[in-house]
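Some notes on the structure that comes next.
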Amino acid sequence: MSLSALAMAQKRPNILFAIADDMSHASAYGFKFLRTPNLDKLADTGLKFNSMYTPSSKCAPSRAVILTGRNPWQLEAAANHQPTWPVKFKSVVEVLTDNSYFTGFTGKGWNPGIHPKRRNLTGKTYNKLEVESVPANGIHKFDYTGNFKQFMNEKPEDEPFFFWYGCKEPHRGYEFKSGVKHGKQFSDLDFLPTFWGASESVKHDILDYAIEVEYFDQHLGNILEYLREIGELENTIIIVTSDNAMPFPRFKGHPHEFATRVPFVVNWPKKIAEPGREVNAFTSFVDIAPTLLEIADIPQGKSNMQKIEGESLFDIFQNKSKKRDYVLTGRERNDCVRQNGWGYPVRSIHRGNLVYMYNFEPNRWPSGEPKTGYRDTDWSPTKSVTLEEKPGTLIFELCYGKRPQEELYNIAQDPECHKNLADEKSYLKRKEALKKELFAKLRHQQDPRMFGNGDVFDQYDLERRNKSYLELVETVKRTAEEKKHKK
């Protein structure tokens, strides 16, 4: 082997981590109402994960899990949305930086929340360049591709890179009817949950969302093409995913199957055994950090990170998968939409076709109190339509109503989670077994909810977050009065 070939063989791989903001779909997963050819190609020549879950379907806690390899209930304040980052938790990107990786991000890194001073949780920021125009109003003007090129121009020649392409799309808001403006039609829709109804506004909303997903994929393709041009693509592992589900009722922020399961594709030229495979094993965002450490050949014991809960995905890369037959999800406080800074604590276990959910405070409103406008669901045309339904109707109750303490769903038979099986006699033994397993795993992970200390999650950032609650209540009240006067 020549010296140049030896140097190439010993060269540490680059890492491109592409993460969309609130994306549930890609055409690689069989959906036809949108087109993601660049993600699809990576899946065709890499790995497509069918059961990858975020343990919390909200931006800040989900991204905190990615960066630490720990579940939200193991992250103190970072279990919540818009928290103050606990200083004790070192991010995996900081570890890569310490180990001579050139690190940076464009768009959205870890957010929203208060960052620790003088620390770059996702590397150096590259957000100065903007594009002149975007396909629709609401799409950010960050030149994701141009900012990546600037990052690469600054990269030392002898260092591998880690780059976080944090596209801010398809986060709301959307330009209404931008989908049809760009040629989409209602007949394209092969995705329309029954709990939103079938009004034209809802259909437009979904097609508008599709435009922003496609924008994420467009810049992904541009970045990949640039890597190809400069000869770095072959030595780059590419991970493509989304932080959580689409920003629609009963999806983003909630612990249901479809809200926590996200697209996840890995492509690593010549390093993945039998590329083109679909992975059906249960995997979690807690598995990303240990995977990144193994890619960079950094022992966890030398990372100075808090204990990692997840397991590296290398067994799947090598097609020698370990037993991965369950995954845990949950939530604490998302938006501050309940009095006293209260969240809506949930823990869930997914095993086989069943998902068991335990709601610790069933008397609270899962989507936020009515006087906050159910703000734990993002404002949207779909939200407006579903709120027109009266309490007691199926649509209203599934999207905004209170929930029982225990929920159990058979995903194979009921993918939209309509029928709660928790009280069905035929499922009683399985429910109790899942509850016992869930609580045992949570105790092992030192979840405060298992030791009578769950209120601590409501106390984090209480003064700051409760202020936003009071402001929201006043805003909703004022808006309602203004609408009343206009009639």
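Keep in mind it's a predicted model, so treat the numbers as computed, not measured.
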Once the angle between the rings of [X] and [Y] is folded into 0 to 90°, is it parallel (under 30°), tilted (30 to 60°) or perpendicular (over 60°)?
| X | Y | result |
| --- | --- | --- |
| F191 | F33 | parallel |
| H254 | H256 | tilted |
| Y165 | F216 | parallel |
| Y460 | F457 | perpendicular |
| F163 | F151 | tilted |

So that I can tick it off, tell me whether [Y] and [X] are bridged by a salt bridge, with the cut-off set at under 4.0 angstrom between side-chain N and carboxylate O.
| X | Y | answer |
| --- | --- | --- |
| R449 | E332 | yes |
| R331 | D376 | yes |
| K383 | D378 | no |
| D40 | R35 | no |
| E416 | R250 | no |

Keeping the roles fixed (side chain from [X], backbone from [Y]), state whether a donor-acceptor pair exists under 3.5 Å.
| X | Y | value |
| --- | --- | --- |
| D287 | S284 | yes |
| D458 | G343 | yes |
| N120 | T122 | no |
| R277 | I316 | yes |
| S57 | P255 | no |
| R228 | E234 | no |
| N244 | C59 | yes |

- Step through the shown structure and confirm whether more than 12 heavy atoms of other residues, nucleotides or ligands are within 6.0 Å of OH on Y326. no
- Greater than 12 external heavy atoms within 6.0 Å of E229's CD: yes
Can you tell if the side chain of [X] reaches within under 4.5 Å of the side chain of [Y], non-hydrogen atoms only?
| X | Y | answer |
| --- | --- | --- |
| V286 | R70 | no |
| M152 | F102 | no |
| V355 | I349 | no |
| T84 | R464 | yes |
| T236 | I15 | no |
| M450 | Q445 | no |
| V180 | H204 | yes |
| V202 | F248 | no |

Given the side-chain rings of [X] and [Y], with only the six-membered ring counted for Trp, is the space between their centroids under 6.0 Å?
| X | Y | answer |
| --- | --- | --- |
| W164 | Y126 | no |
| F105 | F17 | no |
| F317 | F314 | yes |

Without hydrogens or angle criteria, can the side chains of [X] and [Y] be said to hold a donor-acceptor pair below 3.5 Å?
| X | Y | result |
| --- | --- | --- |
| H25 | Y209 | yes |
| Q74 | E309 | yes |
| N410 | N353 | no |
| T36 | S27 | yes |
| D205 | T382 | yes |
| E274 | N319 | yes |
| S100 | E159 | no |
| Y29 | E278 | no |
| D461 | Q82 | no |

- Message: Which residues pass the side chain to side chain donor-acceptor pair (under 3.5 Å) test with E257, not counting sequence neighbours?
- Response: Y53, R261, H350
- In chain order, what residues pass the side chain to side chain donor-acceptor pair (under 3.5 Å) check against T125, with sequence neighbours excluded? none
- Does K302 have any side-chain contact (heavy atoms from CB on, under 4.5 Å) partners at least two apart in sequence or in another chain, and if so, which? P299
- Could you list all the side-chain hydrogen bond (donor to acceptor under 3.5 Å, both in side chains) pairs where at least one residue sits in residues 105-114, not counting sequence neighbours? D21-K108, T106-N127, T106-N147, N111-H115
- Query: So which of D335, N334, D243, D22 actually passes side-chain hydrogen bond (donor to acceptor under 3.5 Å, both in side chains) with K58?
  - Reply: D335
- Task: For residues A78 and P86, report the shortest heavy-atom separation together with the two atoms involved.
- Result: CB-CD, 3.9 Å
- Query: Who passes ring pair (Phe, Tyr, Trp, His ring centres under 6.0 Å) against F439, sequence neighbours left out?
  - Reply: Y358
- Note on the structure: salt bridge (charged side-chain N to carboxylate O under 4.0 Å, His left out) filter on E407, not counting sequence neighbours, yields none
- Item | Identified side-chain contact (heavy atoms from CB on, under 4.5 Å) counterpart of V95 within the set T103, L293, L67, L292 | L293
